[in-house]
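Below: the structure, in structure tokens.
Quick caveat, the model's predicted, so the values are computed rather than measured.
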Amino acid sequence: MSTTETPTPPPTEPDPGAAAATKESMPVSGKDLLNRIRTGDLGSLRVLLLLAIVWIIFQSQESRFLSSTNIVNLSLQITAVALISVGVVLVLLLGEIDLSVGAVSGVTAAIVAVLSVKHGWGPVPAILAGLAVGAAIGMFQGFISTRFGIPTFVVTLAGLLGWQGLQLKVLGETGTVNLEPGLLTDLAGKFLAHSTGWIVAIVCVVLYGLATLRGYQKRVASGLSAPPVVLVFIRIGAVALAAFLFVYVVNKDRGVPVAVLILLGFVAAFDFMTRRTKFGRHIYAVGGNMEAARRAGIAVFKVRVIVFTLASTMAAVGGIMAASRLLAVNQSSGGSDLLLNSIAGPVIAGTSLFGGRGNVWSALLGALVIGSISNGMDLLAYTSATKFMVTGAVLLGAVVLDSAARMGRAASGRV
């Protein structure tokens with residue numbers, strides 16, 4: 001006896017922006033707010049509370065922690081890690097991991113430094129060459145993993161070892177290349193004039209406010225769910241307060257670092273790409289359910305290769321920025337705890353290790369948390385052993401919270 005199966009239509013790809021807007025438009029009670037924090041729907045609020053606790057603890061132990069000088073130093077310290085984490089977020093959204101980003105940042109920075117110092121290349125061609133090498137590495141690793149079905153953990157672990165060897169080869173016997181004054185050192189060494197800092201802050205807040213209100217109006221006009229308008233203005237006000245307070249504090253020291261503007265530009269651009277473009281929606285869809293995305297007609301192979309290409313390119317950007325801050329590239333560039341911090345930051349800030357959940361701003365928030373912890377322990381003269389143990393404990397706690405949130409969503413019938 002034969003049976004007839006009814007074909008199942010391919011699932012439509014998820015729209016994370018619409019889902020988030022639907023949740024925000026619901027009436028929120030105290031119990032519901034706590035539940036949404038527990039299940040990871042308000043990951044940004046959770047990490048902001050964590051950041052506030054970290055700052056309060058370190059400020060109570062060391063009065064210099066929130067000084068204008070240390071805030072500027074902290075901003076410069078987190079820039080390279082946050083730039084690398086932007087690419088890591090894209091990989092995590094796929095539900096994958098890239099263990100080679102630290103080594104890629106080191107080898108690309110070495111290539112830029114050697115071309116600029118030893119071969120007389122101009123800074124712009126040298127930077128472009130470093131970025132091209134980073135993109136080629138990511139494309140290669142993404143292609144190998146996807147084409148042959150090899151876990152990205154294995155491919156990028158091999159890359160971690162191989163690119164470190166290439167870095168040593170590029171640097172040669174000297175082992176250290178000091179950057180000459182110019183564009184390369186100015187990336188992390190230049191600061192805006194105080195008046196220019198205020199102008200930039202005002203322009204950024206106005207642009208953010210207009211973009212947020214326009215998005216709200218478009219959702220209302222389209223009949224889609226939208227958060228209460230008061231929450232929209234509260235969000236704009238919070239961003240304005242943070243921007244103006246930052247400029248006020250850093251202007252007491254050297255001013256707004258150009259490196260911070262570069263970081264915010266990359267974060268904003270990649271946030272727009274992931275949330276507002278078709279390709280960005282495809283990343284979420286592939287990370288949420290690869291097979292469903294394939295049945296929906298999404299070019300999974302292409303998406304994965306492009307994501308790994310972008311991740312390694314951002315690793316190159318972070319490596320160049322790190323070299324600019326340290327004024328040199330050496331054999332340890334891209335090593336130490338750079339890989340750990342680049343991955344730990346987004347996870348701590350709410351990007352899921354299981355794929356399909358998170359946003360690019362978690363790269364900045366996570367780097368700020370990790371950087372604040374490291375910076376505070378440096379001011380308190382903690383040993384490297386203590387710093388590694390504390391950072392590892394924070395990462396483990398974040399992973400546990402991520403897993404608990406995932407189980408909570410599953411229990412409530414949400415993915």
Side-chain angles (χ1 to χ4, degrees), residues 48 51 55 64-86 109 112 116 122-128 130-131 179-215 233-273 314 316-327 360-361 363-368 371-372 375:
L48 289 175
L51 182 62
W55 282 11
R64 295 176 298 168
F65 181 73
L66 292 180
S67 67
S68 57
T69 300
N70 194 56
I71 291 299
V72 172
N73 291 337
L74 176 61
S75 301
L76 294 173
Q77 288 169 7
I78 69 170
T79 300
V81 174
L83 286 168
I84 297 173
S85 292
V86 169
V112 172
S116 176
V124 173
I127 291 173
L128 292 177
L131 297 179
L179 299 180
E180 298 175 351
L183 177 61
L184 284 175
T185 56
D186 288 346
L187 292 175
K190 285 292 185 180
F191 301 85
L192 299 181
H194 292 182
S195 57
T196 305
W198 283 112
I199 293 173
V200 170
I202 292 171
V203 170
C204 289
V205 169
V206 170
L207 291 176
Y208 173 80
L210 291 175
T212 302
L213 290 174
R214 184 169 179 268
F233 281 103
I234 289 175
R235 185 181 302 166
I236 296 173
V239 171
L241 177 63
F244 296 150
L245 184 60
F246 175 74
V247 174
Y248 171 77
V249 171
V250 298
N251 273 353
K252 289 186 175 182
D253 189 59
R254 286 157 285 178
V256 177
V258 172
V260 171
L261 299 183
I262 295 173
L263 170 60
L264 292 177
F266 274 107
V267 171
F270 276 85
D271 178 68
F272 178 85
M273 181 197 74
M314 289 308 301
V317 173
I320 295 170
M321 188 61 69
S324 177
R325 186 173 77 86
L326 298 176
L327 305 178
V360 177
W361 286 100
L364 175 59
L365 293 176
L368 191 54
S372 297
N375 179 276

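Separation of atoms CG (Leu83) and CG (Leu364) is listed at 9.5 Å; rounding is to 0.5 Å. Atom CG of Asn70 sits about 9.0 Å away from atom OG of Ser75, to the nearest 0.5 Å.
Residues Leu51 and Ser372 form a side-chain contact, since some pair of their non-hydrogen atoms from C-beta on lies under 4.5 Å apart. You'll find the side chain of Val72 reaches within 4.5 Å of the side chain of Phe191, heavy atoms only. Residues Asn375 and Ile78 form no side-chain contact, since every pair of their non-hydrogen atoms from C-beta on lies 4.5 Å or further apart. Put simply, the side chain of Leu368 reaches to within 4.5 Å of the side chain of Leu74, judged on heavy atoms. The shortest side-chain heavy-atom distance between Arg325 and Leu76 falls under the 4.5 Å cut-off.
For residues 200-212, no pair satisfies side chain to side chain donor-acceptor pair (under 3.5 Å), with sequence neighbours left out.
Of all non-hydrogen atoms in Met321 and Thr79, the two that sit nearest each other are CG-CG2, 3.6 Å. Ser324 and Leu184 get closest at one heavy-atom pair: OG-O, 2.5 Å. Closest of all the heavy-atom pairs between Val247 and Ala201 is CG2-CB, 3.6 Å. Of all the heavy atoms in Ile84 and Gly318, the pair that sits closest is CG1-CA, 3.8 Å. Nearest heavy atoms, Gly319 versus Ala109: O-CB, 3.5 Å.
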Exercise. Step by step, would you call Ile320 with Leu131 a side chain to side chain contact (heavy atoms under 4.5 Å, CB included)?
Worked result: CA-CA 9 Å; Ile320 295 170; Leu131 297 179; 4.1 Å; yes

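Here the side chain of Asp271 pairs no donor or acceptor atom with the backbone of Val360 at under 3.5 angstrom.
Atom CZ of Phe244 sits in a crowded spot, with more than 12 heavy atoms from other residues, nucleotides or ligands closer than 6.0 Å. Few gaps surround CZ on Phe65; more than 12 heavy atoms of other groups in view lie less than 6.0 Å from it.
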Anything under 3.5 Å between a donor and an acceptor, one on a side chain of residues 252-262, the other on a protein residue two or more places apart or in another chain? List them.
from, atom 1, to, atom 2, distance (Å)
Lys252, NZ, Tyr248, OH, 3.3
Asp253, OD1, Thr69, OG1, 3.0
Arg254, NH2, Asn73, OD1, 2.8

